[in-house]
Amino acid sequence: MFENLTDKFEKAFKVLKGQGQISEINIAETLKEVRRALLDADVNFNTAKEFTNIVKEKALGRDVLNAVSPGQLMIKICHEELIELMGGDETEINYQGNPGVILMSGLQGSGKTTFSGKLANFLKTKKGKNPLLVACDVYRPAAIDQLHVLGEQIGVEVYSNREEKNPVKIAQAAIIHAKSKGFNVVIIDTAGRLAIDEKMMSEIADVKNAVNPTETLFVVDAMTGQDAVNTAKAFNEKINFDGVILTKLDGDTRGGAAISIKAVVNKPIKFVGTGEKMDAIDIFYPKRMADRILG
Ligand code: GDP
């Protein structure tokens, strides 16, 4: 995913080859190239600008040890700052409770239903939990069917009620069902739409207020680049989610969303989706991403 960015970063650092020391003049070209590389990777404009400003400040303020060339120092600083930008350490989701309630939100097609299945599978196989999946899309019967198919695949029960048209009631009934049957995590898949609209947002906000989730997640397709960041902003303003799930990182994405979302929305990316299968889920590690970017 980051091939282009990695190439461009390498070229940017090469400019410093042969330089004995870092100075405002000799890093100007490198910083310009770094910023251009970030923008080409679809990183948010302000994020790219702030990033290069911080790198500049740190580079000029740091004593250059004899053993470290300006090029190496710039790589080191960029590496550290990329990790910071993406959230520092990895962040866990909170699924503890009686039961723990995880609410999924996002646009239609973002990969919400697929990720609900992946997360249930992850909690069941890796964390020894007994999850219940809940279909709360009251508009698309196909979405309910899809969740049932996934549930069957991973051996997780799916709660749905095709007669009920109020998602709040479905979610509340599902939690009562979970308590009586000994499910300790409830994952609620809500309805998405193709674009942001008020009705969808109010509906998710109503479900959130009614069930008071331990974790509210926002799912977004990494391939949508800058739009991913804008959509995240709009959802966050309305439902104040806890974390982001970035899907389709296996696709042809330039990686901008992975780099900018935390900086713009101030919410961490917690998991990534890397394929259509139920085991294509990874915890998001900012350090590993930075390692990949800097080759
Ligand atoms: P929803 O409308 O948000 O519930 O989205 P879906 O879960 O139905 O996903 C939409 C499409 O994206 C489906 O064809 C999924 O198989 C696919 N998809 C979901 N996550 C990933 C992923 O991480 N990688 C890839 N390549 N495809 C994905």
Side-chain angles (χ1 to χ4, degrees), residues 1-3 42 93 102-123 126 131-154 156 158-160 162 167 170-171 174 186-197 199-201 203-204 207-208 215-225 227-232 234-236 238-239 241 243-258 261 269-285 288-289 292:
M1 141 175 77
F2 292 121
E3 293 83 4
D42 225 0
I93 59 166
I102 302 174
L103 180 67
M104 311 295 299
S105 67
L107 293 181
Q108 189 179 319
S110 61
K112 207 169 358 79
T113 303
T114 307
F115 190 81
S116 300
K118 289 179 184 179
L119 185 59
N121 190 44
F122 174 88
L123 292 173
K126 303 272 200 280
L132 175 73
L133 282 162
V134 183
C136 264
D137 190 336
V138 293
Y139 308 100
R140 293 189 312 134
I144 303 176
D145 297 340
Q146 188 190 351
L147 201 60
H148 276 282
V149 169
L150 296 177
E152 192 119 316
Q153 253 181 51
I154 56 175
V156 168
V158 175
Y159 182 95
S160 63
R162 291 175 202 263
I170 300 174
V186 174
I187 301 172
I188 303 173
D189 185 20
T190 58
R193 275 175 239 251
L194 291 172
I196 292 166
D197 82 39
K199 191 159 177 263
M200 168 185 66
M201 292 291 198
E203 195 177 286
I204 301 167
V207 175
K208 188 177 180 216
E215 183 85 21
T216 302
L217 297 171
F218 166 71
V219 182
V220 70
D221 177 346
M223 297 210 282
T224 57
D227 274 350
V229 177
N230 295 333
T231 314
F235 269 78
N236 194 42
K238 189 75 187 183
I239 60 164
F241 54 71
V244 179
I245 308 299
L246 201 56
T247 63
K248 311 191 193 179
L249 274 197
D250 53 310
D252 189 19
T253 163
R254 286 177 285 170
I261 274 190
I269 299 174
K270 299 201 172 185
F271 281 98
V272 294
T274 54
E276 296 189 84
K277 298 224 175 86
M278 285 296 98
D279 59 358
I281 166 176
D282 280 319
I283 293 168
F284 181 79
Y285 292 105
R288 285 190 204 166
M289 282 287 161
R292 269 172 72 177

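When a residue number appears, it is its place in the shown sequence, counting from 1. Every number for a ligand or one of its atoms is a count from 1 in the order of the listing.
Proximity to Thr113 (heavy-atom distance under 4.0 Å) selects the following atoms of ligand 1: 1 (P), 4 (O), 7 (O). Remark: ligand 1 atoms within the under-4.0 Å shell around heavy atoms of Gln146 are 6 (P), 7 (O), 8 (O). Less than 4.0 angstrom separates some heavy atom of Lys118 from each of these atoms of ligand 1: 23 (O). When each atom of ligand 1 is checked for a heavy atom of Gly273 under 4.0 Å away, the hits are 23 (O). Of all atoms in ligand 1, listed by their number and element, those nearer than 4.0 Å to a heavy atom of Ser110 are 3 (O), 5 (O). The distance from ligand 1 to the heavy atoms of Leu107 drops below 4.0 Å at these ligand atoms: 3 (O).
In this structure Lys199 satisfies the side chain to side chain donor-acceptor pair (under 3.5 Å) test together with Tyr139, sequence neighbours excluded. For Phe2, the ring-ring contact (aromatic ring centres under 6.0 Å, His included) test picks out no residue, with sequence neighbours left out.
Judged purely by atom type and a 3.5 angstrom limit, Lys112 uses its side chain to pair as donor or acceptor with the backbone of Thr190. Looking at Thr253, its side chain never comes within 3.5 Å of a backbone N or O of Leu249 through a donor-acceptor pair.
Looking at Leu147, Thr190, Thr114 and measuring to atom 6 (P) of ligand 1, the nearest heavy atom belongs to Thr114.
When only interatomic distances are considered, the shortest N/O to N/O separation between Leu249 and ligand 1 does not fall below 3.5 Å. Checked by distance only, ligand 1 and Thr247 stay at 3.5 Å or farther apart across all their nitrogen or oxygen atoms. Considering both main-chain and side-chain atoms, Gln108 never comes within under 3.5 Å of ligand 1 through any nitrogen or oxygen pair.
Of all protein heavy atoms, the one closest to atom 22 (C) of ligand 1 is Gly275 O, 3.1 Å. In this structure, atom 5 (O) of ligand 1 lies nearest to the protein heavy atom Gly111 N, 3.0 Å. Given atom 26 (N) of ligand 1, the protein heavy atom at minimum distance is Asp250 OD2, 2.7 Å. Among protein heavy atoms, the minimum distance from atom 17 (C) of ligand 1 is reached at Glu276 OE1, 4.0 Å.
Crowding of Gln153 atom CD: a count of heavy atoms from other residues, nucleotides or ligands under 6.0 Å exceeding 12.
Using 4.0 Å as the threshold, Gly106 has no heavy atom nearer than that to any atom of ligand 1. The closest approach between any non-hydrogen atom of Val219 and ligand 1 is not below 4.0 Å. Gly109 counts as a contact of ligand 1, since one of its heavy atoms falls under 4.0 Å from the ligand.
Among the candidates Leu133, Val149, Asp189, the single residue satisfying the side chain to side chain contact (heavy atoms under 4.5 Å, CB included) test with Thr113 is Asp189.
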Item to complete: Dump the intermediate steps for salt bridge (charged side-chain N to carboxylate O under 4.0 Å, His left out) on Arg162 and Asp145, then the final yes or no.
Response: CA-CA 10 Å; Arg162 291 175 202 263; Asp145 297 340; 2.9 Å; yes
